[in-house]
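A quick write-up on the structure given underneath.
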Amino acid sequence: MKDTYKSFYLWLFVLALAINFAGISIKFFTDDPGLYASIAKNMIYKKDFLQLFTYNRDWLDKPHFPFWAIALSFKVFGISVWAYRLPALLFFVIGLVYTYLFTKKYYGWETAAIAVLILMTAQNTILANTDVRAEPYLMGLLIGSVYHIACLEDRFTFKDLLLAALLTAFAVMTKGIFVITAIYGSLLGHLLFQKKLKHLFQFKWLWLLVLTFIFTLPEFYALYIQFDLHPEKTVFGMHNVSGIKWFLWDSQFGRFVNNGPINRKEAGSIFFYFHTLLWAFAPWCLLFYYAVFRNIKALYQHKKAAEYYALSGGLLLLALFSLSRFQLPFYTNAVFPLFAIVTAPVCFDQLSKFGAKFRLIGQWIFVILLPIVVVAVNIVLKPANGQLFVAGIIPFGLIVAFISIKIKEANTKVFFLNCTAALFVGFYVNTVFYNEIVPYKGQIAAAEYINQQQFDSFHLYSLKAENNNFQFYCKRPVDIVPLEQFDSCKPKDISVFYANQQSMDYLTQTHANFKVIRSFINYPKENLLPDFINKTKRLKTLDHVYLITK
């Protein structure tokens, strides 16, 4: 890149980083962040960092590492939404560093800069850094593991061995042993296509496995303490539930073959991620598909590539996700660094006549489409803080003008314009869109109401386990009473129960005895219906949630 382009890359990087961090204080909209934050908050309340609880009941669904990171953040900074998101965002930054280091190692500085920008501007990356689950952690841990394994393959060092094992163990303690598929699969694919499979029989890989197991022992110990040591506990409606067996089988393979304690009735589609990536990895999805085609064609023609780690690890895990019934859009975020590394070279490489045209068209589609979508959404959303939308148009318009005037090369120009269009969407979502829709989550309003001093002596209950934003935003512990047991429940203290509209309808139909303290307007879904986004039709998508007492 010329010096002007290097400077502009740096400015785009800073802008992208700011936009990815812009949602750090936005209140929760979906249930999972409320659940994870509540579990970490219970660690602080109970002063117990080994056992996971929600509504003061044992919880067995995810490994411990993210909860340890969140609880540490809560311990240092206090319990808040930004302290919940902070460790995830730090691991996202670690993912950027390792994406840069890995890509620079095999493709040089320019391609590394491109890969980092691709990763930062992918739409589901920006969304996942606000709607935080486990994926930002996995971004940093997975690409970090692959990088140190690649270094270890080139030349043995204790530093790379220890870091590869440690990061792999952290990844396993974040999402389960399935992540090894991408990490070790990247090594296997690289050695296979490089015709170096005999390298697998070197002692360093045995040491890597042993150290990874040792670093994973805290997870086994925590599960043993909470579950295996207490067969009398009821988990998933059963006794004698082994936390270690769940970790090794049910949490991953049990879900994959759909015979574990948590399963889904509907069948997944093997094409789910093919069409999901069209928006999740936008505006780079079309270039990614072309890059995969180009790499597979090169393999068929026996053309040697710089590396095969990214292609092997990314496609292998994507294939396993596609074959599984558990298919959610954010699952692929973990391998976005590998996707970005696969995609980056085609942004500026010399391509065939068809490839060059496809590269330009594939990017111009999003350069034009993304701003149009934002404008259309803003028109129907009619946000109260619409001045932020206008304020955002000015600097982004200036950036577009600068690119159009100063940058002459077509490939460079469309790449920077594509980044700018993607960041404009991220800016709008994190500064305008979320702030307009979050107030329609009645759980938060109900929690803020019950946090008033006059209710300090009241015992708090939820009638459903899915009311996790209410659980998190309450400033004291919340217990649970199953809905069907509400009428027979006779609490000793003055109690308040949180009920959503479905629970209230059930109580009314069964003629339960209760008194409404207050109701709050609420949007009951997590997926955004067009009628909810449309301000003129929003009312018909809303219901109410309630605080009630007996």
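Heads up: numbering here begins at 1 and tracks the sequence. None of these values were measured; they are calculated from a predicted model.
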Checklist entry - Centres of the F497 and F514 rings: under 6.0 Å? => result no

Checklist entry - Just checking, any donor-acceptor pair under 3.5 angstrom between side chains of Q471 and S462? => result no

Next on the checklist: Suppose we screen for side chain to side chain contact (heavy atoms under 4.5 Å, CB included). Which residues come up paired with S488, at least two apart in sequence or across chains?
Outcome noted: Q485

Item to check | ring-ring contact (aromatic ring centres under 6.0 Å, His included) against Y449, all qualifying residues, sequence neighbours excluded | outcome: F455, F520

Item to check | Spatial distance of atom CG (N129) from atom CG (N20) [nearest 0.5 Å] | outcome: 4.5 Å

Item to check | Contact check, side chains of F247 and L60, non-hydrogen atoms, under 4.5 Å | outcome: no

Next on the checklist: Within the structure provided, determine whether M139 and L119 are in side-chain contact (heavy-atom separation under 4.5 Å).
Outcome noted: yes

Checklist entry - Do any pairs count as a side chain to side chain donor-acceptor pair (under 3.5 Å) and have a residue in residues 473-484, sequence neighbours left out, and if so which ones? => result N56-D479, H459-D479

Next on the checklist: My understanding is that only residues two or more places apart in sequence, or in another chain, count here; which of them pass ring-ring contact (aromatic ring centres under 6.0 Å, His included) with Y289?
Outcome noted: F274

Item to check | Test ring-ring contact (aromatic ring centres under 6.0 Å, His included) applied to F330 - qualifying residues, sequence neighbours left out | outcome: none

Checklist entry - Sequence neighbours excluded, which residues qualify as side chain to side chain contact (heavy atoms under 4.5 Å, CB included) partners of K75? => result I44

Item to check | Partner set under ring-ring contact (aromatic ring centres under 6.0 Å, His included) for Y221, not counting sequence neighbours | outcome: none

Item to check | With sequence neighbours excluded, residues passing side chain to side chain contact (heavy atoms under 4.5 Å, CB included) with K490 | outcome: none

Item to check | Pairing of K175 and E135 as salt bridge, 4.0 angstrom limit | outcome: yes

With a 3.5 Å cut-off and sequence neighbours excluded, list the donor-acceptor pairs that the side chains of residues 372-381 form with protein atoms.
| from | atom 1 | to | atom 2 | distance (Å) |
| --- | --- | --- | --- | --- |
| N378 | OD1 | Y428 | OH | 2.9 |

Checklist entry - Parallel under 30°, tilted from 30 to 60°, perpendicular over 60°: which one fits the rings of F427 and F424? => result parallel

Item to check | Close aromatic pair by centroid cut-off 6.0 Å: F227 and H230 | outcome: no

Checklist entry - Which value, rounded to the nearest 0.5 Å, describes the distance between L507 atom CG and L483 atom CG? => result 5.5 Å

Can you give me every donor-acceptor pair (side chain of residues 78-91, partner residue at least two apart or in another chain, under 3.5 Å) with its distance?
| from | atom 1 | to | atom 2 | distance (Å) |
| --- | --- | --- | --- | --- |
| S80 | OG | W82 | NE1 | 3.2 |
| S80 | OG | A83 | N | 3.2 |
| Y84 | OH | V132 | O | 2.7 |
| R85 | NE | T130 | O | 2.6 |
| R85 | NH1 | G23 | O | 3.2 |
| R85 | NH1 | I24 | O | 2.9 |
| R85 | NH1 | I26 | O | 2.6 |
| R85 | NH2 | I26 | O | 2.7 |
| R85 | NH2 | T130 | O | 3.1 |

Checklist entry - Can you name the salt bridge (charged side-chain N to carboxylate O under 4.0 Å, His left out) partners of K46, sequence neighbours left out? => result none

Item to check | Sequence neighbours excluded - ring pair (Phe, Tyr, Trp, His ring centres under 6.0 Å) pairs with any residue from residues 38-63 | outcome: W59-F67

Item to check | Pair D505-T508, side-chain donor/acceptor within less than 3.5 Å | outcome: no

Item to check | Short side-chain to backbone donor-acceptor contact, N522 and G442, under 3.5 Å | outcome: yes

